[in-house]
Protein chains: 2
Amino acid sequence: MAQHLIRKLEHFVRLSPEDKQALEEAARRNVRVFGAHQDIISEGDSPEHVNLILEGWACRYKQLEDGRRQIISFFVPGDLCDPHVFVLREMDHSIGTITPVRLAEISRDVLLNLTDRYPRITKALWWEMLVTTAIQREWTVNLGQRTALERIGHLLCELFIRLRTVGLTEGDSCLLPVTQVELGDATGLSNVHVISRAAGVAEQGADRPEGQAPDHSGPGGASAGVAVQRELPAP
Amino acid sequence: MAQHLIRKLEHFVRLSPEDKQALEEAARRNVRVFGAHQDIISEGDSPEHVNLILEGWACRYKQLEDGRRQIISFFVPGDLCDPHVFVLREMDHSIGTITPVRLAEISRDVLLNLTDRYPRITKALWWEMLVTTAIQREWTVNLGQRTALERIGHLLCELFIRLRTVGLTEGDSCLLPVTQVELGDATGLSNVHVISRAAGVAEQGADRPEGQAPDHSGPGGASAGVAVQRELPAP
DNA sequence: CGCCCAGTTGAGAGTGATCAAAAATTGTGG
DNA sequence: CCACAATTTTTGATCACTCTCAACTGGGCG
């Protein structure tokens with residue numbers, strides 16, 4: 001159930017069988033399923049639990065009055081949607097699905113219990129949180145300084161590396177179940193412009209295995225050549 | 001010494017005299033002074049302590065290989081530069097001064113001691129951290145979706161409200177010791193473009209007391225009319 | 001007094017947005 | 001399994017916001 005989260009955390013901390021067992025148990029209760037393009041929690045709602053993505057993609061986003069939408073981050077399997085929401089009265093942003101999603105709702109008590117009794121888990125969750133905020137900083141740089149081509153390239157590299165961390169890549173390929181509108185909302189570009197630039201990334205990617213987008217995604221390491229395909233070929 | 005931090009935290013949690021005393025003491029040791037435009041800590045360095053800004057402005061920034069620079073956030077008096085840096089081996093970004101800065105270096109031990117013994121301080125620091133990340137999210141929206149005019153307007157409102165929270169405004173005025181290059185680095189705009197847009201904000205601000213920039217800075221409240229002047233008139 | 005940095009102004013260039021419409025893909029119900 | 005509907009992708013043309021370059025002004029400081 002929680003294999004993606006465990007795999008990710010083990011990049012930071014070695015977990016004992018008991019640690020893993022505890023995580024598995026926390027992820028087993030209160031599993032919920034959402035369809036594609038549904039809100040998991042909306043701006044203004046009061047957060048009741050931490051959500052652990054088990055399967056599917058989601059995103060954090062904010063919408064302006066006139067309809068403009070900014071995707072603030074993506075969630076892939078193994079990701080936790082803010083381990084600290086409890087402190088806040090209400091959400092200042094929404095979390096919505098991209099694909100159908102299966103997630104585990106982890107209550108405040110279960111989480112506190114977990115961190116009280118398993119110090120390695122606590123440490124790993126700290127790491128995970130700090131990496132998440134580092135990615136957030138990188139998005140700020142991405143949106144503020146990089147050209148359209150660089151933005152898309154950087155985002156694709158980030159997502160590939162994150163998926164590799166949880167074991168969801170296959171060689172140099174991975175699923176990317178994201179529409180061009182969503183890529184545009186994440187990169188601050190128009191949906192129409194995404195294609196011309198994304199095509200550019202694909203072309204340059206074929207020529208230059210190292211990619212031209214500088215890799216600052218923190219603890220992920222070097223950005224290898226990324227071949228993205230919409231769907232993995234059926235076996 | 002720590003009056004700005006205390007004033008800010010009291011917006012979230014009521015602090016007892018002992019709480020305040022403890023904060024004052026933590027801020028009294030290891031005070032350091034920096035000149036303008038100096039690095040407090042650089043990318044790649046290993047963080048040794050948490051920095052509490054006592055006086056002056058600083059910023060968190062990241063620099064690309066070709067010289068492009070993105071300011072990721074501003075620090076004003078009362079701000080803590082990441083209470084959790086200890087978990088990380090090395091900085092993925094730099095923190096530099098804008099004006100001359102006086103800050104208190106708070107060691108890991110002192111901070112842990114503080115949070116162990118004063119639960120209200122712990123709670124307040126959690127709040128402070130969550131508000132900081134909410135501001136970070138808002139910057140993502142700012143850079144991704146808003147026009148130059150809106151970006152500058154929103155940033156000015158954010159800074160004004162943050163300064164008001166720590167008591168550094170005077171009526172509708174506040175100091176803004178930031179050059180246009182720095183405003184540009186923070187908003188993803190060119191320094192040349194900042195003036196035409198900033199002038200626009202000033203004009204519209206004069207006409208519309210409510211300001212045209214939507215206020216999402218979280219717990220700050222409504223964005224009143226902001227009159228910004230470079231220097232406060234001498235008394 | 002002169003230098004240097006910050007701010008200002010103007011003109012031209014380019015990246016990316018917008019609008020519109022066709023083509024391709026995916027999903028759904030019979 | 002096919003046909004139809006809906007969504008997504010692709011292409012083309014035009015527009016405009018913002019950038020870049022360059023020159024000039026003004027104030028602070030050695």
Side-chain angles (χ1 to χ4, degrees), chain A residues 35-38 56-57 64 66-71 96-100 142-156 175-204 212 228-234, chain B residues 35-38 57 64 66-71 96-100 142-156 175-204 212 228-231 233-234:
Chain A
H37 307 291
Q38 277 187 283
W57 287 46
L64 303 185
D66 61 1
R68 284 178 287 179
R69 183 173 89 131
Q70 177 68 39
I71 291 180
T97 62
I98 291 176
T99 68
N142 215 26
L143 290 168
Q145 297 300 326
R146 293 202 247 262
T147 65
L149 181 60
E150 294 170 315
R151 288 186 210 180
I152 303 259
H154 198 276
L155 178 61
L156 295 183
L175 283 168
L176 184 71
V178 178
T179 69
Q180 291 183 12
V181 173
E182 288 157 342
L183 283 178
D185 285 349
T187 51
L189 300 168
S190 72
N191 54 343
V192 176
H193 202 67
V194 166
I195 172 58
S196 51
R197 302 294 87 197
V201 173
E203 281 164 30
Q204 298 204 10
Q212 102 305 343
V228 179
Q229 46 189 96
R230 192 66 196 284
E231 293 289 338
L232 234 33
Chain B
H37 307 294
Q38 278 187 283
W57 286 46
L64 304 185
D66 61 1
R68 284 178 287 179
R69 183 173 91 131
Q70 177 67 39
I71 290 179
T97 62
I98 290 175
T99 68
N142 216 25
L143 290 168
Q145 297 300 326
R146 292 201 249 262
T147 65
L149 180 62
E150 293 170 316
R151 288 187 210 181
I152 303 259
H154 198 277
L155 177 61
L156 295 184
L175 282 168
L176 184 71
V178 178
T179 68
Q180 291 183 12
V181 173
E182 287 157 344
L183 282 178
D185 286 350
T187 51
L189 300 168
S190 71
N191 54 342
V192 176
H193 202 65
V194 167
I195 173 57
S196 50
R197 301 295 88 198
V201 172
E203 282 164 30
Q204 298 205 10
Q212 104 301 348
V228 179
Q229 46 189 96
R230 191 64 197 286
E231 294 289 339

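Just so we're clear, the structure is a prediction, and the values are computed from it rather than from any experiment. Proteins come first, then strands; the chains are lettered A, B, ... in the order of their sequence lines, and each starts at number 1.
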Nearest of [options] to any side-chain atom of [X]?
X        : options                : value
A/Ile195 : C/dG7, D/dT11, D/dT18  : D/dT11
A/Thr179 : C/dA17, D/dT9, D/dT18  : D/dT9
A/Thr147 : D/dC19, C/dG16, D/dT18 : C/dG16
A/Leu189 : D/dT10, C/dG16, C/dT18 : C/dG16

Inset, instruction - Take the protein atom CG of B/Leu183 and the nucleotide atom P of C/dT8, then report the distance between them rounded to whole Å. - result: 11 Å
Inset, instruction - Could you tell me which residues satisfy side-chain hydrogen bond (donor to acceptor under 3.5 Å, both in side chains) with A/Gln180, sequence neighbours excluded, listed by chain and number? - result: none
Inset, instruction - Note the angle between the end axes of the helix from C/dC1-D/dG30 to C/dG30-D/dC1, five pairs defining each, rounded to 10 degrees. - result: 50°
Inset, instruction - Under the side chain to side chain contact (heavy atoms under 4.5 Å, CB included) rule, what do B/Leu64 and A/Arg146 come out as? Steps first, then yes or no, please. - result: CA-CA 9 Å; B/Leu64 304 185; A/Arg146 293 202 247 262; 3.5 Å; yes
Inset, instruction - Using only side-chain N and O atoms of A/Gln180, determine if any of them is under 4.0 Å from OP1 or OP2 of D/dT7. - result: no
Inset, instruction - For B/Gly188, report the nucleic acid contact type (base, sugar-phosphate, nothing); a contact means any heavy atom under 4.0 Å. - result: sugar-phosphate
Legend entry - B/Asn191 vs A/Asn191, nearer the 5' end of DNA chain C by closest nucleotide: B/Asn191
Inset, instruction - Treat primed atoms plus P, OP1 and OP2 as sugar-phosphate and everything else as base, then score nucleotides 21-30 of chain D 5' to 3': B for base contact with protein heavy atoms under 4.0 Å, S for sugar-phosphate contact only, - for none. - result: B---------
